[in-house]
2 protein chains.
Amino acid sequence: MAKAQYDREEVIDKSLELFWRNGFSGSSMQQVVETTGLKPGSIYYSFGNKEALFKEALDHYARASLARIRTTLDSAPSVGEGLCLFLERMAGEAAKQEFRSCFLVKTQLELAADGGELHAFAAAKLREVEALFQSYLEREYDRETSRNRAAGIMLHIFGMRVYGYQPNSVDRMLRVLRESLPWLPWPDEP
Amino acid sequence: MAKAQYDREEVIDKSLELFWRNGFSGSSMQQVVETTGLKPGSIYYSFGNKEALFKEALDHYARASLARIRTTLDSAPSVGEGLCLFLERMAGEAAKQEFRSCFLVKTQLELAADGGELHAFAAAKLREVEALFQSYLEREYDRETSRNRAAGIMLHIFGMRVYGYQPNSVDRMLRVLRESLPWLPWPDEP
DNA sequence: CAACTTTTTGAATGTTTACTCAAAACGAGG
DNA sequence: CCTCGTTTTGAGTAAACATTCAAAAAGTTG
């Protein structure tokens, strides 16, 4: 077989699903073998080791997240309205049963102690997300204001990613968003 | 030996340190044996198993957290000023090198997938913390306002617990706090 | 279709995992 | 000081862990 028989993207997707759910230490390569259907040898042949596969999953996730932010903000009538939509949607998702927080945030917290490469990678990706928010905000505000407000958005995203596990959290989160980010053009309440 | 030879509190403290740093899956009972100095048999004799020991560590941590909140808010001239002090102190800690986030938050995120007893326990403790904030706020605001503002505080705590890993985050976090929680009596900036 | 390189296979590697248990050591009560 | 329930010991267990490898299989190329 001179060409791979499986779809590399699909394997990463399935691994991402597993790692996202159970974390790095909580996932075993045996589980990767089971969920991807590949044999151990194949996985190690094409990905190297557990850490490298995890990193590819992280990268995949980060790319998708950045793309989603861009899509939402680009298709909104204004940056502010796009951000409102994005945050409201996130609050709704965070309360769902199968909600799994953010893969980058989970990795950041899980691997903070060893300070290894994966932790640094996740931190860098989170910084990319923040920079993306800042660049959109700079269309409407000066650099310093944009920087601070991007930080505020990140902090609220982190907060919602954790707070979402509490029951009946959606309404409360939406209220907090309106009160804590008053500079955003929130739609009138029904 | 009719009475235990070691200090139970001390063993839990050392286990807490380990679990806090590395998480549940990331910590091994071998490491517990090494850091506590107890033999495997002794640990299992007095704590049952890994999960039970972890739960005791969680409980220990939660108790200390609640006590710290009470101490800070009771000794402040007003609830609002106490909260400002508490949040500012947390922002400062979150940026320190050896910062390890919040043990309850880490556990909440790590064990969300299996939805087991430990996850429920951590969630319940976080709810206790929120209820404590709410009860203090009710001294100055009505019940509904207090409930929402307590949620806002929790969300900001969660956010800071994650955002703290970014470099140079203290100043930015302090600014976000002032802008996002404008109802608190922040001291004038120098 | 043969020669060659890439990919797959799956059993086997040695290590680490959580946890157990029978026997020994011990302190306290009579 | 002897007896009895409690605690400690640490070697030992079986399962799970990440990873490897020589051999087989399969696509590509001339």
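In what follows, chains carry the letters A, B, and so on, assigned in the order in which the sequence lines appear, proteins first and then strands, with residues in each chain numbered from 1.
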D/dT8 phosphate, OP1 or OP2, under 4.0 Å from B/Y6 side-chain N/O: yes
Side-chain N or O of A/K39 closer than 4.0 Å to phosphate OP1/OP2 of C/dT8: no
Side-chain N or O of B/S42 closer than 4.0 Å to phosphate OP1/OP2 of D/dT9: yes
Distance-only donor-acceptor check, side chains B/Y6 and B/S46, under 3.5 Å: yes
A/E9, CD atom: more than 12 neighbouring heavy atoms under 6.0 Å: no
Where protein sits on nucleotides 12-18 of chain D, one letter per nucleotide: B base, S sugar-phosphate only, - none, heavy atoms under 4.0 Å: -----SS
Whole-Å distance separating the CD atom of B/E34 from the P atom of C/dT16: 11 Å
Axis-to-axis angle between the two ends of the helix from C/dC1-D/dG30 to C/dA12-D/dT19 (five base pairs per end, rounded to 10 degrees): 20°
B/R63, CZ: over 12 other non-hydrogen atoms inside 6.0 angstrom: no
Verdict with supporting geometry, A/E10 and A/K14, salt bridge (charged side-chain N to carboxylate O under 4.0 Å, His left out): CA-CA 6 Å; A/E10 198 182 307; A/K14 285 179 176 165; 3.4 Å; yes
Residue whose closest nucleotide on DNA chain D lies nearer the 5' end, B/G41 versus A/E51: B/G41
Between B/E130 and B/Q134: side-chain donor-acceptor atoms closer than 3.5 Å: no
A/Y45, nearest nucleotide to its side chain (from C/dT9, C/dT6, D/dT6): C/dT6
